[in-house]
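Numbering starts at 1 and runs along the sequence shown. Owing to the predicted nature of the structure, the values given are computational and were not obtained by experimental measurement.
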Amino acid sequence: MPRLLIVLFLTTWLFGGSAHAVSLAGRPTDDSVCDLSPLTNYRLTRKVFVPARTRGLPDIYARLALQFVISECRNGQLLILHTEYGNADDDGAFRLVSQELCNVADILREATPTSDYPNSFQIKCRIQKMQVAKQRLAEAEAKQSTEEMISTRSPWITSGRQESPDSSAEPGKKKCPATISFGQLLGIGGGGCNPD
């Protein structure tokens, strides 16, 4: 009998994989889920900054989600993605992620509307294609890294330095600060800056 228990234990240990609870939000869960809810893309972009109005957001969001899932989750876990806004960027990213990791027939989209967020939804599917997703992500990162995608598609980031949207002033002109000075408050101006 003890020999049978040892064999069962070793079999479970060798073939069971490294299961652990995964929650992007840090919520309590068990090892059966890879939980990126709630607010999947919001939480992912708190780890990696993606400027507003960056082109191709679904591709960038999908890449960030795949990086997280591949590093933290495993085959057999239930993947959960969530958005409150239900916008096209979230929808596109969730489609890319779920189709990359799960069998298409197993992908379930559930509406989760509230009075404040009527377009809210979540995606649930069982992760089945982790190895293929790892390989495809590695190939995609070799062609262009996520950081390069963000910097080349952002209207505010150029040449490795971040610029604000209003930084298009000519080099010789001094821009006015965003704050009001004491002289401006009294209506006497000063400072030699160009408000244009």
Got a second to check how far [X]'s [atom1] is from [Y]'s [atom2], nearest 0.5 Å?
X: Ile107; Y: Leu101; atom1: CD1; atom2: CG; answer: 9.0 Å
X: Cys125; Y: Asn103; atom1: SG; atom2: CG; answer: 9.0 Å
X: Ile123; Y: Asp91; atom1: CD1; atom2: CG; answer: 7.0 Å
X: Cys34; Y: Lys124; atom1: SG; atom2: NZ; answer: 13.5 Å

When you measure from the side chain of [X] to the backbone of [Y], do you find a donor-acceptor pair of N or O atoms at a distance under 3.5 Å?
X: Ser145; Y: Glu148; result: yes
X: Asp35; Y: Ser37; result: yes
X: Glu72; Y: Val69; result: no
X: Thr54; Y: Pro51; result: yes
X: Arg126; Y: Gly76; result: yes
X: Asp90; Y: Thr83; result: no
X: Arg53; Y: Ser154; result: no

Answer with yes or no whether the hydrophobic clustering places [X] together with [Y]; edges join I, L, V, M, F, W, Y residues whose side-chain heavy atoms lie under 4.5 Å apart.
X: Leu39; Y: Val97; value: no
X: Val48; Y: Met149; value: yes
X: Leu36; Y: Leu96; value: no
X: Leu137; Y: Val50; value: yes

Pair up each side-chain donor or acceptor in residues 55-68 with any protein partner under 3.5 Å, not counting sequence neighbours, and list the distances.
residue, atom, partner, partner atom, Å
Arg55, NH1, Arg153, O, 3.3
Arg55, NH2, Thr152, O, 3.3
Arg63, NH1, Glu141, OE2, 2.7
Arg63, NH1, Gln144, O, 2.9
Gln67, NE2, Glu141, OE2, 3.1
Gln67, NE2, Thr146, OG1, 2.8

Would you call Glu100 and Lys129 a salt bridge, using N to O less than 4.0 angstrom?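 Judged by the 4.0 Å cut-off on N to carboxylate O distance, Glu100 and Lys129 do not form a salt bridge.
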Check Val22 against Gln77 and note the closest heavy-atom contact, atom names and distance.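 Closest approach of Val22 to Gln77: CG2-NE2, 4.2 Å.
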Of all the heavy-atom pairs spanning Arg109 and Arg95, show the shortest one and how long it is.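 Looks like NH1-NH2, 4.2 Å.
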Assess whether atom CZ of Arg46 is packed by more than 12 heavy atoms of other residues, nucleotides or ligands within 6.0 Å.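 It does not: Arg46 CZ has 12 such atoms or fewer within range.
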Go through the structure and list residues passing ring-ring contact (aromatic ring centres under 6.0 Å, His included) with Tyr42, not counting sequence neighbours.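 Scan of Tyr42 (ring-ring contact (aromatic ring centres under 6.0 Å, His included), adjacent residues dropped) gives none.
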